[in-house]
Amino acid sequence: MPRTAKDFFAPLAVGAPQPLREIPARPSRAIHFFDPGNEKMAAKVPAMVGTVDVLLGNLEDAVKAENKEKSRQGLLDIGRSTEFGPTQFWTRVNSLDSPWGLDDLTTLVTEVGDKLDVIMVPKVQGAEDIHYVDRLLAQLEAKAGLTRPILVHAILETARGVANVEEICAASPRMQGLSLGPADLAADRRMKTTRVGGGHPGYLVRQDPPRSDAGETQYDADRTTYQQDLWHYTIARMVDACAMHGIYPYYGPFGDIVDTVACEDQFRNAFLLGCVGAWSLHPAQIAIAHRVFSPSVEDVAHARRVIAAMGDGTGAVMIDGKMEDDASVKQCQVMVALADELAAIDPELKKQYDAISLEA
C-alpha cells in the first residue's frame, strides 16, 4: 500500500528535521561548478562568495578515479572554512552505483551538512533512486543533529529518467529541482552528436523548394535552412514536471566555453521556456547566466505597468496597442516576483529595478 499524504511530510528517521512543505525560491541563475581537489580552483572559492548564486563542489564527472577522495576532502575543507552568506553551497556526488557515492553522502552530511544546501544526484533513473537518498539523508541528518533538511537535485541523463520525470519530481519533499544532462542523455538515447549541449547543424528544417514561372518545382534551387534545438522537447517536459510539483528546472552544461554567443542563445531558450538557471563551467558563463536569467529592465517595467493598469485583475485593458487581461497579469506577476527575488541579492539589479518605479 502507498504511504498516505500525511506521511509524506513526516521525517524518515527518528531525530531527522521536519521535511519542508514548500521549496524556497532562492535565486540560482548560475550553478558554478568547481573541482575541490584542484588547489588553484579551490583557493578562488572564498572570493567568489557573493558573486554567484550557487557554488557547487563537483565530485563526479571530470574528477579522475584516483582523485575522488582528494576532491571529497577538499570539499570538506572548503565547507568547514568558508562562510557562504547569500551564496548557496551545493555538491554533485558520484552516481549511486559508483564505488564513491555512498561515502560521498555519509561523509559530507555528517561533516559539513550544516553548510550544504543541496545535493545533486547524477543519472537518476526513477523514484526509487530518490527514495534511497531520501531515507539515507534523514538517517545521516539525525546522526549529525542537523536542524534543517538538505535538499536533493536530480540530473536527467538517461532516457529512463526522462520517461519517469514526473515520478522523480514527486518522489520526496526534499526535491529542489532538475537539471538537463545533455551529454550522458545523448549517449543513452544513442543520439548522433558529440556536443555537450547546444544545437547541431545537422538537425534542421529546410525551406520548401520554389516554383518556376512555368509552375515546375525547383528542387535544386538554393533554399534557406534553419537549425533546430535538439533539447527543446526534453526541456519543455522537464519544465512541466517541475512546475507541477513546485520545484525548479535548470539547463545543464554548455560545453563550448569559447562560443559565448551560442551559450547565451541556449541559456535564453531555456529561460523563455521556464528554466530558472543553468550550469556554469567557466567564470565567463556566470555573467551570461546572470544576464539571461534576470528579467530585463524593459520586461519588468512593462509587467509593472500591466499589473497597475489591471487593478483587481479582472476585465481587460489596452496597453501600447495590445490587449492585457487576467492571463497577462499572471504572466507579469511571475516576472515581477523574480525581479524582487533577484533584487534582494543583487545590488546592481536592485538599482536598475528601483529606477523603473521612480520613472513610472
Side-chain angles (χ1 to χ4, degrees), residues 3-28 31 34 36-37 42 45-46 48-50 53-60 68-96 98-122 124 127-154 168 170-177 246-248 345:
R3 287 190 293 164
T4 69
K6 291 179 181 178
D7 284 343
F8 192 69
F9 290 107
L12 292 180
V14 175
Q18 194 75 22
L20 297 179
R21 297 284 175 132
E22 186 176 353
I23 301 302
R26 298 186 66 183
S28 42
I31 303 173
F34 68 92
V45 168
M48 296 188 74
V49 170
D53 297 342
V54 178
L55 284 166
L56 181 146
N58 182 30
L59 303 180
E60 197 220 8
K68 294 291 187 181
E69 293 187 8
K70 178 184 177 183
S71 288
R72 187 192 301 138
Q73 183 59 50
L75 191 62
L76 290 175
D77 294 340
I78 289 170
R80 291 182 181 123
S81 63
T82 306
E83 291 301 324
F84 291 92
T87 296
Q88 297 177 60
F89 179 39
W90 294 22
T91 185
R92 177 170 71 167
V93 296
N94 286 281
S95 61
L96 301 179
S98 76
W100 309 283
L102 179 60
D103 287 343
D104 288 344
L105 292 169
T106 55
T107 305
L108 294 171
V109 176
T110 55
E111 297 290 334
V112 293
D114 59 324
K115 297 284 189 71
L116 276 174
D117 293 290
V118 176
I119 290 177
M120 185 180 281
V121 182
V124 172
E128 69 277 6
D129 291 336
I130 302 302
H131 293 160
Y132 167 76
V133 173
D134 195 8
R135 177 77 72 173
L136 179 58
L137 287 180
Q139 294 171 329
L140 294 170
E141 288 165 347
K143 181 178 181 181
L146 301 184
T147 58
R148 63 172 177 83
I150 298 170
L151 302 181
V152 172
H153 183 105
I168 291 170
S172 166
R174 292 183 189 274
M175 285 301 299
Q176 181 274 342
I247 66 176
Y248 302 103
I345 65 161

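Numbering of residues begins at 1 and proceeds along the displayed sequence. Note that the structure is predicted; figures quoted are calculated from it, not measured.
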Evaluate side chain to side chain contact (heavy atoms under 4.5 Å, CB included) for Thr110 paired with Lys143, printing each intermediate quantity in order. CA-CA 7 Å; Thr110 55; Lys143 181 178 181 181; 4.3 Å; yes
Should Phe34 and Met48 be marked as a side chain to side chain contact (heavy atoms under 4.5 Å, CB included) after you check the CA-CA gap, both sets of side-chain angles, and the distance that decides it? CA-CA 11 Å; Phe34 68 92; Met48 296 188 74; over 6 Å; no
Please step through side chain to side chain contact (heavy atoms under 4.5 Å, CB included) for the pair Leu55 and Thr82, ending with a clear verdict. CA-CA 11 Å; Leu55 284 166; Thr82 306; over 6 Å; no
Checking side chain to side chain contact (heavy atoms under 4.5 Å, CB included) for the pair Met175/Ile168: CA distance, chi angles, key distance, verdict? CA-CA 8 Å; Met175 285 301 299; Ile168 291 170; 4.2 Å; yes
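In this structure Phe89 satisfies the ring-ring contact (aromatic ring centres under 6.0 Å, His included) test together with Phe84, sequence neighbours excluded. Applying the salt bridge (charged side-chain N to carboxylate O under 4.0 Å, His left out) test to Glu22 and every residue at least two apart in sequence or in another chain returns nothing. Among residues two or more places apart in sequence or in another chain, the salt bridge (charged side-chain N to carboxylate O under 4.0 Å, His left out) test is passed with Glu128 by Arg160. Here Asp134 pairs with Arg174 under the salt bridge (charged side-chain N to carboxylate O under 4.0 Å, His left out) rule; sequence neighbours left out. Scored by the salt bridge (charged side-chain N to carboxylate O under 4.0 Å, His left out) test, Asp103 finds no partners at all (sequence neighbours excluded).
Closest non-hydrogen pair, Phe9 versus Pro173, comes out as CE2-CB, 3.7 Å. Summarising the geometry of Thr91 relative to Gly57, their closest heavy-atom pair is OG1-O, 2.8 Å, with the distance given to 0.1 Å. Here the closest heavy-atom approach between residue Ala138 and residue Ala16 is recorded as O-CB, 3.4 Å. Among all heavy-atom pairs drawn from Gln88 and Ser28, the shortest one is NE2-CB, 4.0 Å. Between Ile130 and Ser172, the shortest heavy-atom contact is CG2-CB, 3.8 Å. Between Ile247 and Ile23, the closest heavy-atom pair is CG2-CG1, 4.2 Å.
Checked by atom type and distance alone, the side chain of Asp104 pairs as donor or acceptor with a backbone atom of Asn94 at under 3.5 Å.
Summarising the local packing, NZ of Lys115 is surrounded by more than 12 heavy atoms from other residues, nucleotides or ligands at distances under 6.0 Å. Atom CD of Glu69 sits in a sparse spot, with 12 or fewer heavy atoms from other residues, nucleotides or ligands closer than 6.0 Å. Crowding of Arg135 atom CZ: a count of heavy atoms from other residues, nucleotides or ligands under 6.0 Å not exceeding 12.
Expressed to the nearest 0.5 Å, how far NE2 of His153 lies from OH of Tyr248 amounts to 13.0 Å. To the nearest 0.5 Å, the span separating CG on Leu136 from OG1 on Thr106 amounts to 7.5 Å. Here Leu137 contributes atom CG and Leu12 contributes atom CG; the two are 9.5 Å apart, rounded to the nearest 0.5 Å. Considering CD of Gln18 and CZ of Arg148, their distance stands at 15.5 Å, rounded to 0.5 Å.
Between Pro122 and Ser95, the closest side-chain pair of non-hydrogen atoms falls below 4.5 Å. Using a 4.5 Å cut-off on side-chain heavy atoms (C-beta onward), Pro149 and Leu20 make contact. In this structure, the side chains of Arg92 and Leu56 come closer than 4.5 Å at one or more pairs of heavy atoms. Using a 4.5 Å cut-off on side-chain heavy atoms (C-beta onward), Ile119 and Leu108 make no contact. Side-chain contact check for Ile150 versus Glu141: some heavy-atom pair is nearer than 4.5 Å. Residues Val109 and Leu146 are in side-chain contact: their nearest non-hydrogen atoms beyond the backbone lie under 4.5 Å apart. Contact check for Arg26 versus Asp53: no side-chain heavy atoms found under the 4.5 Å cut-off. The side-chain heavy atoms of Leu151 and Trp90, taken from C-beta on, include no pair separated by under 4.5 Å.
For the salt bridge (charged side-chain N to carboxylate O under 4.0 Å, His left out) condition, no pair includes a residue of residues 5-15, sequence neighbours left out.
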